[in-house]
There are 2 protein chains.
Amino acid sequence: MKSLLSSTKERILSAAEQLFAETGVATTSLRTITALARVNLAAVNYHFGSKDALIEAVYERRLGPLNKARLAQLDQLEQEAAGKPLSVAQIVDAFVSPVAGLTREPGKNGLVFSKLLAQTYNEAAQYVQRLMATEHQNVMRRFKTALAAALPALSEEEVGWRLHFMSAALHHVIANTSYMQWLDGSEGSEADVRTAVEKLRPFLVAGLSAPAHTALS
Amino acid sequence: MKSLLSSTKERILSAAEQLFAETGVATTSLRTITALARVNLAAVNYHFGSKDALIEAVYERRLGPLNKARLAQLDQLEQEAAGKPLSVAQIVDAFVSPVAGLTREPGKNGLVFSKLLAQTYNEAAQYVQRLMATEHQNVMRRFKTALAAALPALSEEEVGWRLHFMSAALHHVIANTSYMQWLDGSEGSEADVRTAVEKLRPFLVAGLSAPAHTALS
DNA sequence: GTCTATAGAGGGATAGAC
DNA sequence: GTCTATCCCTCTATAGAC
C-alpha cells in the first residue's frame, strides 16, 4: 500500500523504459536494468515474475494515461462545439498534444516512452494487443468518427488510412528526432521532440485534409 | 566470380533480411538464419566474418540501389522540366516510387527490406552511418533543394523538417501496414503495402505543401 | 567451401539464506 | 522484500576434419 514514488517497482519500470528506448527490448538484459535501477537482479522476478511481464508493465504504465488523455481532450472539444463537427486542427491537437503531455507522468521523462513506442512499434503491438486491444481500438474509433465528420468528402476507408498516417508520422518522428542530423546532414540545432511535434502539426492538418486523389503536376 | 542467383551468400542474405524484418535483428539468431537458408551454421562466419558484418551486408545490398533509383528519377524529372521547379507531387513520386520498385531487386521480394528499414530505423541508422552516411546525405540534400524550389514560401529549415516527416510517414506506414487492423479494429481488406503507399501519396503532397503555421479555428 | 563439435560468453530464472 | 550463488539454456564464433 505504500505508494512511494521511488519504490523498487517504479525504479525498475523507469530504468527498463529508458534502456528499452535507447537500445531496444531484446538487447536489454535484466542485469543492465537492475544495475541502472540500483536494485538486485532477483527483484525483477520477484516483483514482475519474468522479463516478459516486466515489458508488459512498462507499456501498461504509459498507454492507459495516454489513451485517457486523448479521449478527454476530444470529449472536451466536442462538448464545446455543441454538436458541430470539430476542425481538423482540433482533432490533430487532441491526438498529438497528449504525447507531449506524457512529460507529467511518473518517472519524470515520459517522452522516453514515446520513443520506445515508436522504436518498437511492431514489438509493442504484440504486447499491447494482449493488454489493451479494445481500449486502443476505442480511441481510434472515436478519432475516426470525429475525423469523418470533419472531412465529409472522404470515404470511411480513406479516413482510416489518414488516421494511420498521422499516427505513423507522429511516432516515427518522435523516435528519430535525434537522427535528423543523419537524415540530411544539417547542422542540427539539437532538434528536440517538442519542436518536432510543433513543426509536424501543420503538416498533419494539411495531409489529413488533402483531397483523395492528386494529379501529377 | 560465379554470380549464381542462389549462391550461399545470397541465400543467407535473403533469409536474414526476411527474419530481421519479421522479428527484429537482435532476436534473430544465426541458427535460425542458416536453417531457413538451408545452409550450414558456420557458413555465415565463413562468408561474412560475423553477425554484425552480415547485418551490414543486408542493409548494403538494398540501400545502394534505393538511393540510386531515387536520384535517377529526380534527375530525369529535372531534365524534363528544363530549369523550372518540379511540382511537389513529382518530388514525392521520386522519393516514394523507388521504395515500391525494390520489388525488382534480387531475392524477389524487396518490400521485405522496406519493412526491415522501418522496423529497425534506429538500429539501421547505426549501421547505415558507417556504410553510406555521405551517400544518404547527398540524396537528402538533393531532395531538399528540389523541395525548396517547389515551395519558395518555406524556410530552408522548414523544408528539412517536411522531408523528415515524409520519410517518417513512409517508412512507418510500410512497417506497420499489417497492423492496421490492430490500429482501429477495421475489417482490414488485407491491406498491402502497395495500397498503403498509394493512399499515402496525396497525404504527403498536401502535408509538404502546407503553410508553415496553421491557426486553430 | 562445407561440415561437426565445442569453446566461451552472457542471458533468464530460481533456491535458499537473511 | 532483498540478496548471493548457481543452474541451465542459447547464442556467437572457431578449430579442425573432410
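Each chain gets a letter, A, B and so on, in the order the sequences are listed, and its residues count up from 1.
Taking atom CD1 of A:Ile33 as the reference point, atom P of C:dG10 lies 17 Å away to the nearest angstrom. Counting to the nearest Å, the P atom of C:dG11 and the CG atom of A:Leu19 are 12 Å from each other. Going from atom CD of B:Glu10 over to atom C1' of C:dG1 covers 17 Å, rounded to whole Å. Rounded to an integer number of Å, the gap from B:Asn45 CG to C:dA5 P is 18 Å. With rounding to whole Å, B:Lys51 atom NZ is found 15 Å from C:dA9 atom C1'. For A:Ile55 and C:dG12, the CD1 to P distance is 9 Å, given to the nearest whole Å. Regarding A:His47, its NE2 atom lies at a distance of 6 Å from the P atom of D:dG1, rounded to whole Å. Rounded to an integer number of Å, the gap from A:Leu30 CG to D:dC8 C1' is 16 Å.
Within 6.0 Å of the CD atom in A:Glu156, the count of heavy atoms belonging to other residues, nucleotides or ligands does not exceed 12. No more than 12 heavy-atom neighbours from other residues, nucleotides or ligands sit within 6.0 angstrom of NZ on A:Lys9.
On a pure distance criterion of 3.5 Å, a polar donor-acceptor pair joins the side chain of A:Arg31 and the base of C:dG12.
Distances shorter than 4.0 Å separate some side-chain N or O of A:Asn40 from OP1 or OP2 on D:dT4. Under 4.0 angstrom from either OP1 or OP2 of C:dT2 there lies at least one side-chain N or O belonging to B:Thr8. For A:Ser29, no side-chain nitrogen or oxygen approaches OP1 or OP2 of C:dG10 to under 4.0 Å.
In this structure, of D:dA5, D:dT2, C:dC3, it is D:dA5 that holds the atom nearest to the side chain of A:Leu41. For A:Tyr46, counting side-chain heavy atoms from C-beta on, the closest listed nucleotide (C:dA13, D:dA13, D:dG1) is D:dG1.
At a threshold of 4.0 angstrom between heavy atoms, the contacts of A:Ala43 with the nucleic acid are absent. Within 4.0 Å (heavy atoms only), B:Thr28 reaches sugar-phosphate atoms of the nucleic acid but no base atom.
Relative ring orientation between B:His171 and A:His172 is described as tilted, the plane-to-plane angle lying within the 30° to 60° band.
Within the cation-pi definition used here (under 6.0 Å to the ring centroid, within 45° of the axis), B:Arg70 qualifies as a partner of B:Phe95.
Salt-bridge formation is detected for the pair B:Arg62/B:Glu17: a Lys NZ or Arg NE/NH1/NH2 atom is positioned less than 4.0 Å from an Asp or Glu carboxylate oxygen.
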